[in-house]
Amino acid sequence: MKKMKTMTEGVIWKEILFFAIPLILGNLFQQLYNTVDSIIVGNYVGSNALAAVGSSGAIINLLIGFCIGASTGAGVVISQFYGAKNTEGVRKAVHTTMAIALVAGVLLTVIGITVTPSMLRLMGTPDKVFEQSVIYLQVYFGGSLFSVVYNMSAGILNAVGNSRRSLVYLMIAAISNIFLDLIMVVGLKLGIVGAALATDISQLISCIFIWGFLIRSEDVYKLKIKEIRCYDHLLSKIIRIGIPTGIQNIVISLSNLIVQASVNSFGATVMAGFAAYIKIDGFNILPVLSISMAATTFAGQNIGAGKADRVRKGMYISTAMGAGYSVITGIALLIFAPQVIGVFTTNHKVVEYGVYIMKYFCPFYWMLGILHVLGGTIRGTGKTMQAMIVFLVSLCGFRVMWIAGTMAWAKSLGHVMMCYPTSWLLGMLLMILYVWKGNWMVLRTEKI
């Protein structure tokens, strides 16, 4: 096996930044091929199809979000073993993670295809886009196994600090998806079915590449098909750490479903404007989530090495990175708002609504940056339950109450959109309070 290179030594800001940059680029590429779906669908199929694809995002995030959140547990376990240079622990955790991924992927495929129509009805999806939304989602979930396996595999690489390799495979997937979109939607005229198939196939391609690398690798995280099973007590540890984040993602996605349902009540044109901006939103929030993931891995590895002070310094540095990035991109998006939304559609009303919605997001992204990066550090220490509580109170409980009050007493799109910045502010303040006063110090964290 090759020498284990960890994030427990070296200049902190360099370790975090150089680890985060491939994650940021990878997530931007992933968002790129998701956005290409919407651009091509909006321009070649129509605004109703764009609304159908956009409204499907909340359901996709609801179901896949749990699996991705649960993979956090695997990442924390692997990163702590890796930081402690426990090669046997890494080997068992990697193969346990793959066993979980395969089972979760199959279950997600069945559940996603089955519940799609009911979920769309509960969201109040307009009849003019309902059928297209059902078709898009069911085809998409037909390939969800590949998405889960890829993301869990990428989580393994990220946990050991190899974020560059994940970037390569996401770039391959993004380029594949763009070409497949052009072939299936523009060339073969398959509509939103073609867009969903293009996504499924590109995820399969990235899945094949990343498994090929793990199988060929001579590092401690080498994957051996015959060893894929749940080992010792690792399943319970991964679940114990990962389930809170999985639950967090589910409940936050449920609150976003409620927001989407509220947007749906304003009609297909508003839905299309909201869908267009949510795709742009990903270019802002995904890099912040990447920095948060870097903070999680950095904290996990340094806990394994017993370096508490390094974790705290890393938290301050990564939080500054997240907030700084959010300020810059928020300003840039506000300046070029009409041009950005205009990429998705030539419908002037859709562009108008998209620009209107941007004004409730862009000036306040810095708060979300602080919230997520602080939360990432807390998760890296193994305190996923505490981080979950902050996110659930602010991004779910408060948001749901806000929407309920708004729709009952002052139904307007502006009031609905205000649920985002207000919930971010509450979450940021609660997370800062927990970091300042809470009992999260890494020396108290159980070493796995």
List the residues meeting side chain to side chain donor-acceptor pair (under 3.5 Å) with Glu88, not counting sequence neighbours, and say none if there are none.
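Once residues adjacent in sequence are excluded, the partners of Glu88 under the side chain to side chain donor-acceptor pair (under 3.5 Å) criterion are Arg91.
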Applying side-chain contact (heavy atoms from CB on, under 4.5 Å), name anything that partners [X], two or more places apart in sequence or on another chain.
X	result
Ala323	Ile370
Ser423	Leu395, Phe398, Arg399
Leu167	Pro22, Leu25, Phe29, Met171
Leu190	Met184, Leu188

Pairs satisfying salt bridge (Lys or Arg N to Asp or Glu O under 4.0 Å), at least one member in residues 348-367, at least two apart
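Sorted pair list: Lys349-Glu352.
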Within residues 124-149 or reaching into it, pairs that qualify as salt bridge (Lys or Arg N to Asp or Glu O under 4.0 Å) - sequence neighbours excluded
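Sorted pair list: Arg121-Asp127.
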Please identify each residue that fulfils salt bridge (Lys or Arg N to Asp or Glu O under 4.0 Å) with Arg164, with sequence neighbours left out.
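Here no residue qualifies.
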Can you name the residues that form a ring pair (Phe, Tyr, Trp, His ring centres under 6.0 Å) with [X], not counting sequence neighbours?
X	value
Tyr325	none
Tyr277	Phe361
Phe146	none

Taking C-beta and beyond as the side chain, do Ile341 and Met358 meet within less than 4.5 Å on heavy atoms?
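Yes - at least one pair of side-chain heavy atoms lies under 4.5 Å apart.
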Can you tell me if Tyr356 has over 12 outside heavy atoms packed within less than 6.0 Å of its OH?
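Enclosed.
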Could you list all the ring-ring contact (aromatic ring centres under 6.0 Å, His included) pairs where at least one residue sits in residues 362-383, not counting sequence neighbours?
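For residues 362-383, and leaving out neighbouring residues, the ring-ring contact (aromatic ring centres under 6.0 Å, His included) pairs sorted by first residue read Tyr365-Trp424, His372-Phe391.
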